[in-house]
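Here the structure comes first, spelled out in structure tokens, and everything after it is commentary.
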Amino acid sequence: MKYYILFGPPGAGKGTQAGSIAKKYNLTHVSTGALLRAEIAAGTELGKQAKTLIDAGNFVPDAVVEGMLEGLFASAKDTAGFLLDGFPRNLSQAEDLDVILQKKGEKVDGVISIMIPDAVIAERITHRAAIEGRADDADPEVIQNRIQTYHKKTEPLIQFYDNQGKYHQADGVGTIDEVHNRLSELMDHLS
């Protein structure tokens with residue numbers, strides 16, 4: 001089983017690219033948000049825990065999300081592996097993911113980061129807000145906070161995975177097809 005992480009700042013195009021990359025390489029696309037919603041809809045124990053926390057306005061703890069990932073990894077069939085989108089988001093989650101995979105005798109095979117400048121992040125989030133009607137993404141203060149949170153909490157993963165020789169980056173500026181082609185070139189070298 002192969003395990004890849006699609007990484008990058010908000011608005012980089014992870015969600016846009018993940019489905020087509022997963023399909024092309026017979027990977028299961030794992031969006032942690034979608035995974036949470038599916039567990040809640042299925043009424044699993046982890047889903048019930050997550051729903052209680054979300055309904056109370058709280059974040060779902062890493063342990064709950066990681067439990068859902070472990071369950072998904074264990075039940076996988078007819079897939080060459082997984083493309084994680086939105087996880088890990090910080091060093092603690094990355095270390096936990098390594099432990100989860102080590103228990104299975106497996107590892108993260110590669111991390112591909114879609115890189116875009118902060119100005120492009122703000123532009124894309126604002127555009128997405130207009131299309132999807134997401135008022136929170138239309139507020140410049142909220143956008144700047146999301147960018148700063150990414151730099152502070154998520155960006156340290158670059159060094160973490162680079163130290164392991166697993167980090168690769170692609171320029172995320174350009175058309176959807178141009179970015180897809182760059183990502184495909186990297187995946188061809190990794191798979």
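- You'll find the side chain of Arg128 reaches within 4.5 Å of the side chain of Ile125, heavy atoms only.
- Few gaps surround NZ on Lys104; more than 12 heavy atoms of other groups in view lie less than 6.0 Å from it.
- Using a distance-only test at 3.5 Å, with no hydrogens or angles considered, a donor-acceptor pair links the side chain of Gln93 to the main chain of Arg89.
- Salt bridge status for Glu45 with Lys48: present, with a side-chain N to carboxylate O gap under 4.0 Å.
- A parallel orientation is assigned to the rings of Tyr3 and Phe82, their planes being inclined by less than 30° (bins at 30° and 60°).
- Panel note: side chain Thr79, backbone Ala76; no donor-acceptor pair is recorded below 3.5 Å.
- No donor-acceptor contact under 3.5 angstrom links the side chains of Asp85 and Tyr4, judged on distance only.
- Considering CD1 of Ile121 and OG1 of Thr126, their distance stands at 11.5 Å, rounded to 0.5 Å.
- Between the side chains of Tyr167 and Gln169, at least one donor N or O lies within less than 3.5 Å of an accepting N or O.
- Across all non-hydrogen atoms, the minimal contact from Val179 to Gly172 is CG2-O, 3.5 Å.
- The heavy-atom pair separating Ser92 from Asp62 by the smallest distance is OG-OD2, 4.2 Å.
- Remark: Gln49 CD to Glu39 CD distance equals 10.5 Å, nearest 0.5 Å.
- Applying the 6.0 Å contact sphere to NE2 of His127 captures no more than 12 heavy atoms from other residues, nucleotides or ligands.
- Glu185 and Asn181 share no donor-acceptor pair across their side chains, judged by distance under 3.5 Å alone.
- When the options Leu190, Val108, Asp109 are evaluated for a side chain to side chain contact (heavy atoms under 4.5 Å, CB included) with Lys2, the one that passes is Asp109.
- Side-chain atoms of Arg124 come within 3.5 Å of backbone atoms of Ala12 as a donor-acceptor pair (strictly under, hydrogens ignored).
- Going from atom CG of Leu36 over to atom OG1 of Thr32 covers 6.5 Å, rounded to the nearest 0.5 Å.
- With rounding to the nearest 0.5 Å, the separation of CG in Asp118 from CD in Gln144 is 7.0 Å.
- Using a 4.5 Å heavy-atom cutoff, the side chains of Ser184 and Ile21 are in contact.
- Atom CD of residue Glu95 and atom CG of residue Leu157 lie 9.5 Å apart, to the nearest 0.5 angstrom.
- From Thr28, atom OG1 reaches atom CG of Leu84 across 10.0 Å, with rounding to the nearest 0.5 Å.
- By the 4.5 Å heavy-atom criterion applied to side chains, Thr154 and Phe7 are counted as neighbours.
- The shortest side-chain heavy-atom distance between Leu97 and Ile5 falls under the 4.5 Å cut-off.
- In this structure, the side chain of Gln17 engages the main chain of Ile176 through a donor-acceptor pair within 3.5 Å.
- With contacts defined as side-chain heavy-atom distances shorter than 4.5 Å, the pair Met68/Val65 does not qualify.
- Salt bridge status for Lys103 with Glu70: present, with a side-chain N to carboxylate O gap under 4.0 Å.
- By the 6.0 Å contact criterion, NZ on Lys24 is enclosed, its count of non-hydrogen atoms from other residues, nucleotides or ligands being greater than 12.
- Closest approach of Ala22 and His29 over heavy atoms only: CB-CB, 3.8 Å.
- Within 6.0 Å of the NZ atom in Lys166, the count of heavy atoms belonging to other residues, nucleotides or ligands exceeds 12.
- Looking only at distances, no side-chain donor or acceptor of Lys107 sits under 3.5 Å from a matching main-chain atom of Asp98.
- Side chains of Val30 and Leu72 form a contact here, defined as non-hydrogen atoms less than 4.5 Å apart.
- Counting only N and O atoms by type, the side chains of His180 and Ser20 include a donor and acceptor under 3.5 Å apart.
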